[in-house]
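Input: a single structure, listed below in structure tokens.
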There are 2 protein chains.
Amino acid sequence: MNLLLLSNSTGESGYLSHAKRAIADWSAGRRQAAFVPFAGVTRDWDDYARKVQDALVPTAIEVASVHRAAEPQRLILQSELVIVGGGNTFHLLHHCRRLGLLDAIRQAVAAGTPFLGWSAGSNLACPTICTTNDMPIVDPGGLDALGLIAFQINPHYTNAMPAGIRGESRNQRLAEFTRLRPDVPVLGLPEGNWLRIAGERRELHGPHASWWFQGSDEPRSLAAGPLAVQP
Amino acid sequence: MNLLLLSNSTGESGYLSHAKRAIADWSAGRRQAAFVPFAGVTRDWDDYARKVQDALVPTAIEVASVHRAAEPQRLILQSELVIVGGGNTFHLLHHCRRLGLLDAIRQAVAAGTPFLGWSAGSNLACPTICTTNDMPIVDPGGLDALGLIAFQINPHYTNAMPAGIRGESRNQRLAEFTRLRPDVPVLGLPEGNWLRIAGERRELHGPHASWWFQGSDEPRSLAAGPLAVQP
């Protein structure tokens with residue numbers, strides 16, 4: 001299995017720029033990518049696919065978006081790479097389920113097709129979308145997702161709050177999840193971080209510590225390098 | 001219909017203290033309240049009911065929590081007031097649906113029982129929970145909710161972001177909802193504000209401007225006083 005799961009898309013020097021080398025390494029010379037733009041809501045899907053294509057020019061990856069495919073499942077299964085962009089996770093899951101893409105992506109990844117996701121795309125790789133930060137703007141027909149990994153990711157992880165706001169902090173929200181599901185850990189990936197899975201190798205990358213939440217344990221800080229926890 | 005829908009529970013001087021006079025006015029001398037604690041996740045439901053009871057001592061309202069009732073639907077239908085507390089909206093809806101409380105509450109409110117909600121409780125009063133800020137930690141069995149009002153509420157409304165965070169702002173999230181559902185407006189209630197509905201009277205209260213989101217219109221600022229929009 002070859003997964004690259006980014007917290008977010010936008011680095012200080014531009015779109016996907018912070019992960020350019022990681023994406024080149026992940027793609028391993030493969031070029032034909034199926035792109036899933038369905039997390040885009042206010043963003044037009046053609047524009048979204050173009051933006052991703054532009055960002056990936058240096059890697060020689062060529063993007064074909066599933067929303068333009070006559071047979072989206074077939075596009076997934078016949079592509080050398082699968083890329084799932086960020087946006088709204090509920091919208092993404094709603095359309096993937098509607099088009100039968102969940103099974104197609106699972107099948108492709110099981111057969112060795114590398115999978116890249118960021119933000120909502122990383123949420124989709126998890127057992128469920130229960131640890132997304134997004135607003136439930138549309139019914140996704142169930143919260144179960146791809147299950148490419150056995151734990152949850154919380155992208156854009158931070159425990160900071162805007163001044164004067166009394167709503168729940170991120171840690172409180174994640175504690176609610178791990179109270180209900182003590183069997184399912186959550187990896188909090190701050191902006192700029194990512195998880196790379198290549199066969200048995202599982203590594204954290206990026207400038208910040210990541211965080212691990214499980215059951216009623218105190219959140220555990222994880223440095224970049226091999227994932228030091230056993231989900 | 002007699003509704004009091006608060007953005008949040010905690011004012012600067014304590015739990016529910018900012019809305020003490022509004023609650024006294026809303027209850028109109030009725031005393032027996034059914035309390036719905038199911039938005040509580042890490043908070044024990046007995047503790048939650050006690051905390052609400054303590055806060056309501058000055059109003060003479062007596063709280064009976066539905067989680068202790070042998071017949072929760074009957075408790076709702078036989079009480080003089082219905083109170084739904086905040087916490088996680090998905091957890092709240094999950095348990096209300098499981099126990100058949102949605103129809104019971106709708107029936108009680110239609111028969112004139114005053115309804116008080118805050119945060120997740122205010123989300124529950126809306127057509128759907130699509131504009132909650134909460135994490136989808138459990139499957140609510142569908143996003144449809146009580147539909148006591150014809151528009152959505154976004155509680156804890158703010159467009160502020162923690163420094164350095166690149167995720168979506170609240171306005172971007174709400175714009176995604178109104179893009180998908182241009183027919184359903186959203187009332188953004190900042191901390192400390194509330195909406196009172198008493199028969200034909202609909203009023204905004206609290207120290208801040210509230211905000212109205214509809215379709216692709218610019219967000220509209222609403223001052224305290226009669227609701228100046230026609231949903």
In terms of heavy-atom contacts, A:Arg170 and B:Met135 come closest through CD-CE, 4.1 Å
Most contact-rich option vs chain A, by heavy-atom pairs under 4.5 angstrom, among B:Asp144, B:Asn88, B:Asn154, is B:Asn88
Turns out that what part of A:Arg173 lies under 4.5 Å from chain B's heavy atoms comes down to both
Interatomic distance, OG1@B:Thr178 vs CD1@A:Ile137, rounded to 0.5 Å, equals 9.5 Å
If one checks every heavy atom of A:Leu180 against chain B at 4.5 Å, the contacting part turns out to be side chain
Counting heavy-atom pairs under 4.5 Å with chain A, the top scorer among B:Cys130, B:Pro140, B:Pro190 is B:Cys130
Interface check, chain B: of A:Arg43, A:Arg181, A:His91, most non-hydrogen pairs under 4.5 Å belong to A:His91
For A:Asp139 and B:Gly142, the nearest pair of non-hydrogen atoms, with its separation, is OD2-CA, 3.6 Å
Looking only at heavy atoms, the pair that brings A:Pro136 and B:Leu143 closest together is O-CD1, 3.5 Å
Between B:Thr42 and A:Arg179, the two heavy atoms sitting closest are O-NH2, 3.6 Å
The interface call for A:Asp134 against chain B, heavy-atom contacts under 4.5 Å, is both
Here the gap from B:Met161 atom CE to A:Met161 atom CE, rounded to the nearest 0.5 Å, amounts to 13.0 Å
With chain B, the option among A:Ile129, A:Thr128, A:Thr131 that has the most non-hydrogen atom pairs under 4.5 Å is A:Thr131
